[in-house]
Amino acid sequence: MSTSDADHRAVADFVYREARLADEARYAEWLALWTDDGVYWVPAATDPGADPERHLSHIYDNRARIETRVKLLQTGIRHSQEPASLMRRLISNIEIEAAGDGDLIAGSNFILAELAVQARRELHWWAGRVTHRLRRVDGQLRMSRKTVVLVNAAEPLPNLAFLI
Amino acid sequence: MIDYKGLVQDDRIHASLYTDPRVFDDEMEHVFHRGWVFVGHASEIPRPGDYVTRTLGTEPAIMVRAGDGTISVLVNRCRHRGTMVCPADRGHVRTLTCPYHGWTYDLRGELLGVPYPGGYASLDKSANGLPRAPRVSEYRGFVFASLAAEGVSLAEHLGPATRLIDRSCDLSPEGQIELTAGWVRHRCAANWKMLPENDSDGYHLGFVHMALFRTIRSQYQRVVGDERSIKAVVRDWGRGHIEIDWSPGYEGLFEWLGSASGAAVERFVAAIERRDGPEVARRRFREGPAHALIFPNLFLGETNIAIVQPVSVEECVHWHTPMFWKGVPEWNGRLLRMAEAGMGPASFLMPDDLIVASRNQQGLHARTSPWLYLGRGLNRETVDADGRIVSHVTDETTNRGFFHHLRAVMSEV
């Protein structure tokens with residue numbers, strides 16, 4: 001199936017907005033971007049054969065656990081994100097394709113600057129490729145799957161308690 | 001020479017133990033080279049030629065299985081120019097070949113040959129193998145090594161604490177655990193000792209993890225209540241092995257899993273009942289796996305296995321992987337999800353522990369008032385029939401057990 005220019009614009013708008021809400025710790029608005037069957041996956045390997053049913057991941061959240069993750073951040077006493085990291089991410093190399101069922105699959109690269117203000121106030125750089133699976137729900141794009149493959153997925157990582 | 005008997009007293013310790021690079025160097029020698037350290041689990045390298053790379057303290061090491069099935073722990077450093085022979089985290093090889101000049105070793109580290117040998121008048125192959133840990137020993141698949149040729153045996157080092165390892169392994173119907181899910185490594189900007197101390201600290205939960213308790217129901221919530229109503233205990237098993245035992249607070253089965261029911265539970269219970277009888281099986285499922293630190297670097301983290309890796313006086317890495325019970329693979333998915341919830345950089349518990357640890361590390365650099373009082377619980381701890389010191393779960397019996405053993409090891413000439 002082909003994709004239209006309008007699809008490209010809509011996907012880019014979604015991906016940028018999702019990034020901004022995560023960067024700005026706007027947790028409730030970010031949570032509202034998910035479908036009810038959302039799956040949020042951050043594998044602990046860059047190997048495309050990584051299987052979350054057999055291998056340990058950094059994050060493999062079903063919808064209920066995505067909500068727990070957000071609620072935890074909203075308590076205001078999640079020490080690893082209190083105060084929230086100061087973040088900005090740059091997104092590029094967006095490519096989209098249509099899945100057979102009408103969903104859109106969007107791939108993009110990102111670089112994220114994170115000032116981890118909670119203790120040593122260090123600047124952490126994160127980078128990777130994100131795949132969003134997007135579906136129209138009541139006319140709005142929603143994400144049913146977000147997969148983030150960090151370039152350093154298999155390395156020792158500092159805290160990743162923010163929304164990546 | 002640092003006076004460790006001065007820095008570690010019976011009820012207080014000096015902050016320089018966490019901040020002085022000379023203390024760190026002494027620990028690498030006395031604790032991580034001379035003593036027994038956990039390296040990995042036999043299930044990680046099931047076939048001859050399988051290897052994983054680890055560290056013994058800060059020493060790069062290879063744990064590899066040879067053709068006869070024996071496991072060697074080798075220093076990951078070619079005899080020729082010091083190159084790391086195995087740069088990857090894991091792999092499968094027929095020989096260990098240095099990528100620099102092609103020196104080739106067998107799977108026990110013996111030098112097989114060097115290219116262009118005409119350049120050496122004589123080369124004693126037997127004296128030029130990869131340096132190896134002279135002592136490697138296993139307990140129920142847990143592989144430990146010591147870089148010292150002599151010293152206490154692994155059995156002496158573990159002592160009665162083998163019962164803690166048994167408690168975790170005996171939940172497998174086949175009596176064996178498997179570590180096949182891969183490791184996640186979490187960087188911590190604090191001295192390595194903070195990790196074993198925090199992993200066995202029952203006092204911090206209601207503060208560091210209150211966000212989680214407010215968000216979801218957790219089996220740990222019972223330690224947030226009234227001090228007198230808490231039944232969980234800490235134990236000092238001797239030789240630095242320390243434990244939190246939540247099970248006195250558990251009434252039903254599987255409370256340590258949050259809860260569990262259904263066909264998978266029935267099969268699991270039936271399998272253990274067949275082996276151990278209903279009474280022992282019931283006890284095992286009520287108590288759950290161990291929550292204990294095997295000195296110095298192996299943490300039995302209930303359904304996880306964790307390793308404490310020292311990096312420098314100011315930095316360490318916490319490794320974890322879920323413990324799969326051989327014989328009940330239908331539990332692996334749940335164990336993976338529990339591992340991701342509890343440990344690792346994106347989990348619901350450890351990031352909060354490690355940010356507090358890094359704040360500790362910063363605070364400990366303050367020079368005023370350098371002593372840390374560790375006397376909590378001295379007024380109420382007791383010695384049980386097995387000689388273990390037992391106290392209220394919030395007491396510092398565990399910190400004292402850890403540091404008093406550290407003092408003994410560090411004071412050895």
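Order of the sequence lines sets the chain letters (A, B, ...), proteins ahead of strands, with each chain counted from 1.
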Quick one: side chains of residues 110-122 of chain A, donor-acceptor pairs under 3.5 Å with protein atoms, not counting sequence neighbours, listed by atom name and distance.
| unit_1 | atom_1 | unit_2 | atom_2 | d |
| --- | --- | --- | --- | --- |
| Glu114(A) | OE1 | His124(A) | ND1 | 3.2 |
| Glu114(A) | OE1 | Trp126(A) | NE1 | 3.0 |
| Glu114(A) | OE2 | Ser85(A) | OG | 2.6 |
| Gln118(A) | NE2 | Pro83(A) | O | 2.9 |
| Gln118(A) | NE2 | Ser85(A) | OG | 3.1 |
| Arg120(A) | NE | Glu122(A) | OE2 | 3.4 |
| Arg120(A) | NH2 | Glu122(A) | OE2 | 3.0 |
| Glu122(A) | OE1 | His124(A) | NE2 | 3.2 |

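Each of Leu56(A), Ile77(A), Thr75(A), Val42(A) has some count of heavy-atom pairs under 4.5 Å with chain B, and the biggest count is that of Leu56(A). For the set Glu53(A), His58(A), Arg65(A), Lys71(A), the entry with the most heavy-atom pairs within less than 4.5 Å of chain B is Arg65(A). Top candidate by heavy-atom pairs under 4.5 Å with chain B, chosen from Pro52(A), Gly76(A), Ala44(A), is Pro52(A).
For residues 152-164 of chain A, heavy-atom neighbours of chain B at less than 4.5 Å comprise Ala154(A), Glu155(A), Pro156(A), Leu157(A), Pro158(A), Asn159(A), Leu160(A), Ala161(A), sorted by residue number. Residues of residues 129-139 of chain A having a heavy atom under 4.5 Å from any heavy atom of chain B: none.
Arg69(A) places no side-chain N or O within 3.5 Å of a backbone atom of Ser347(B) that could act as its donor or acceptor partner. Side-chain N or O atoms of His55(A) include none that pairs as donor or acceptor with a backbone N or O of Thr180(B) at under 3.5 Å.
Interface residue Ile216(B): only side-chain heavy atoms are found under 4.5 Å from chain A.
Rounded to the nearest 0.5 Å, atoms OG (Ser80(A)) and CG (Asp352(B)) are 3.5 Å apart. Here the straight-line distance linking atom OG of Ser57(A) with atom CG of Leu336(B) works out to 7.5 Å at 0.5 Å rounding. Put simply, CE on Met210(B) and CZ on Arg78(A) are 15.0 Å apart, with the number rounded to the nearest 0.5 Å.
Contacts of Asp47(A) classified as side-chain contact (heavy atoms from CB on, under 4.5 Å), with partners at least two apart in sequence or in another chain: Ala45(A).
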